[in-house]
Amino acid sequence: MRVLPSPVAIRPVAIRLVAIGMAAVAAIGLTGCTSTVDLDPAESANDPLCAEITSNLPGTVSEQPRRWTDAQATGAWGEPAKVLLTCGVEPPGPTTLRCESVAGVDWIVDDSDAPRFRLTTFGRTPAVEIYLDTTADENGEGASSRDVLDALSPIVSVLPVDGQCLERDDATPVP
């Protein structure tokens, strides 16, 4: 004759299973608090060199935590996002915008929307673009352009060099 466990013996197991299930649902709900950053991939995002760049992106930049993105060859940091990186953008041509060199990487600095900046590699293919918001949040924290370029330039430096920024005196005058 087979003896079945009493309902009283089953109850603690059922309660534990329900508690574990509720904890799992709560954990999933909490991880959903940080949303994925919606970005568009660049035209050349499928370049294998972009995969090398994005696979080496750091977990934090300028004390901003990395976030998931929904586009290939992109990166984002901060909540809300203060730093956005896109690999595979069209390499820029000659420009009169300021150029800064950090860790051997030349960056064209577009400050037309300051305190938000667009930084694009010059003389690298594929090109990388960083959108940087230096605006301080309610806690007085913002992304530092120096910290961002110090963190990302060494990673971007693996891209092949096919040009460099020139000093104004060395540039060919436009007729």
Side-chain angles (χ1 to χ4, degrees), residues 31 34-137 141-175:
T31 59
T34 301
S35 61
T36 299
V37 179
D38 183 28
L39 296 172
D40 292 321
E43 188 172 319
S44 297
N46 62 346
D47 188 305
L49 292 169
C50 285
E52 185 175 345
I53 298 299
T54 54
S55 67
N56 287 301
L57 293 175
T60 60
V61 169
S62 189
E63 299 182 17
Q64 305 291 321
R66 186 164 179 197
R67 299 198 28 218
W68 290 107
T69 63
D70 63 357
Q72 183 176 352
T74 60
W77 294 265
E79 178 69 48
K82 293 277 190 181
V83 180
L84 303 173
L85 177 140
T86 305
C87 184
V89 299
E90 172 114 12
T95 181
T96 58
L97 292 173
R98 185 174 92 230
C99 183
E100 297 289 332
S101 184
V102 179
V105 178
D106 288 342
W107 295 94
I108 295 173
V109 180
D110 180 352
D111 61 1
S112 61
D113 192 27
R116 293 170 191 89
F117 299 89
R118 188 171 310 275
L119 306 138
T120 309
T121 56
F122 185 81
R124 304 273 175 165
T125 303
V128 172
E129 182 176 80
I130 297 172
Y131 178 79
L132 169 65
D133 185 354
T134 61
T135 307
D137 61 16
E141 297 176 10
S144 158
S145 59
R146 172 175 280 173
D147 291 348
V148 170
L149 290 179
D150 284 349
L152 298 177
S153 292
I155 296 165
V156 172
S157 71
V158 300
L159 296 173
V161 177
D162 57 14
Q164 65 182 27
C165 291
L166 301 174
E167 295 296 324
R168 181 179 178 98
D169 295 339
D170 296 333
T172 305
V174 178

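In this view, S44 satisfies the side-chain contact (heavy atoms from CB on, under 4.5 Å) rule with no residue, not counting sequence neighbours. When the side-chain contact (heavy atoms from CB on, under 4.5 Å) test is applied to E43, no partner is found at least two apart in sequence or on another chain.
Atom CZ in R146 sits 11.5 Å away from atom OG in S62 (nearest 0.5 Å). Separating the CZ atom in F122 from the CG atom in L166 is a distance of 7.0 Å, to the nearest 0.5 Å. Note that CD1 of I130 is 10.0 Å distant from CG of L84, once rounded to the nearest 0.5 Å. Residue L119 holds its CG atom at 9.5 Å from CD of E100, rounded to the nearest 0.5 Å. Taken to the nearest 0.5 Å, the CH2 atom of W68 stands 11.0 Å off from the OG1 atom of T74.
For L159 against P126, the heavy-atom pair with the smallest separation is CD1-O, 3.2 Å. The heavy-atom pair separating P115 from T135 by the smallest distance is CG-OG1, 3.3 Å.
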Go through S35 and R67 one step at a time and tell me if the side-chain contact (heavy atoms from CB on, under 4.5 Å) criterion holds. CA-CA 8 Å; S35 61; R67 299 198 28 218; 3.4 Å; yes
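A side chain to side chain donor-acceptor pair (under 3.5 Å) check over residues 110-126, counting only residues at least two apart or in different chains, returns the pairs D110-S112, R118-E129, T125-D162. Listed by first and then second residue, the side chain to side chain donor-acceptor pair (under 3.5 Å) pairs that reach into residues 82-97 come to none, sequence neighbours excluded. Listed by first and then second residue, the disulfide (SG to SG under 2.5 Å) pairs involving residues 80-118 are C50-C87, C99-C165 (not counting sequence neighbours).
The side-chain contact (heavy atoms from CB on, under 4.5 Å) with R66 is formed by just one residue from the set V37, T60, L57; it is L57.
Atom CG of D40 has 12 or fewer neighbouring heavy atoms from other residues, nucleotides or ligands inside a 6.0 Å radius.
Under a 3.5 Å cut-off, the side chain of D70 and the backbone N or O of L39 do form a donor-acceptor pair.
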Return a table of donor-acceptor pairs under 3.5 angstrom between the side chains of residues 149-158 and protein atoms on other chains or two or more places apart.
from, atom 1, to, atom 2, distance (Å)
S153, OG, W107, NE1, 2.9
S153, OG, L149, O, 2.8
S157, OG, P154, O, 2.7

